Amino acid sequence: MTTGPASLHGAGLGLRRAFVRALLDTPPAAVDFYEIAPENWIGMGGANARRLRALTERHPFVCHGLSLSLGGPAPLDLELVRAIGDFLDVHDIAVYSEHLSYCSDDGQLYDLLPIPFTEAAIDHVVARIGQVQDLLGRRIAVENVSYYAAPGQEMTELDFIGAVLERADCELLLDVNNIHVNAVNHGYDALDFLRALPGERIRYGHVAGHRVVSPELCIDTHGSAVIDPVWSLLAAAYEHFGVFPTLLERDFDIPPLAQLVEEVEQIALIQRRALPEQRAHG
Ligand SMILES: [Fe+2]
């Protein structure tokens, strides 16, 4: 079975190790594909590795990196990139994405820091994305991130993202929740931002939940259910760009699998509603 780009479609779920056995025994029909962080699985042997292989043989997967630190000041970890390439080959996974941001040495998601929106940062990150794409022999997707401080801005976030995608000739992992979180925290219009992105570069999308601290502050926790404004923004994205594969991220306060599958079903429902033939049939 091939899990190339043509087979990536529909609604997906970020894979949690705790769910692997259940997904092997009774795979939920609603989940069309899964996402994993290669760093969490590279070098793993034994039963866990065999179970993952059984899953990747049966379902399309995408890989979402945590620790490559595309914007970071330290030299790229080329050993890690090669290991990721081997992992993609072993599991026949075509799509690899990373954050358009940088993180501290321990590679924790909640330590992601912003890239200053500057010409120098564009040059830096474009060169590094090019290095990764050369080593992996494919285009990668970079994700629009949530950020809480934007030091030394020379341009808007939109101009920054657009320039990176164009010059690196890479794809976009469109995180709809991150747009909502940034719109609240930085006071811009989420819909205007969404519509200004280069839709032809979208490879796939993310939705997730976040913590609302106040009307002016959201924290991107991936620790609660997706809220209605984010579902609405996802519908608007499909309306504007057409339907693209989209998955649910959940990293903390993990509920039972059935509850997550309900949210994946919600993605699928919004996708069906956005398809032209569905609309034509009312
Ligand atoms: Fe995301």
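As the structure lists them, so they are numbered: ligands from 1, and atoms in each ligand from 1. Model, not experiment: these values are computed from the prediction.
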*Does a side-chain N-to-carboxylate-O contact under 4.0 Å join D89 and R138?*
yes
_Looking only at N, O or S atoms in E249, which is nearest to the Fe ion (ligand 1)?_
OE1
_Neighbour count >12 (heavy atoms, 6.0 Å) for atom CD, Q153_ = yes
*Out of the N/O/S atoms in D175, what is the name of the one closest to the Fe ion (ligand 1)?*
OD2
_R53 atom CZ, neighbour heavy-atom count above 12 within 6.0 Å_ = yes
_Tell me whether the Fe ion (ligand 1) has H99 as a neighbour, meaning an N, O or S atom of it below 2.8 Å._
no
*asked:* Can you confirm whether R211 is buried at CZ, in the sense that more than 12 heavy atoms of other residues, nucleotides or ligands lie under 6.0 Å from that atom?
replied: no
*Angular separation of H206 ND1 and E143 OE2 about the Fe ion (ligand 1), given to 10°*: 90°
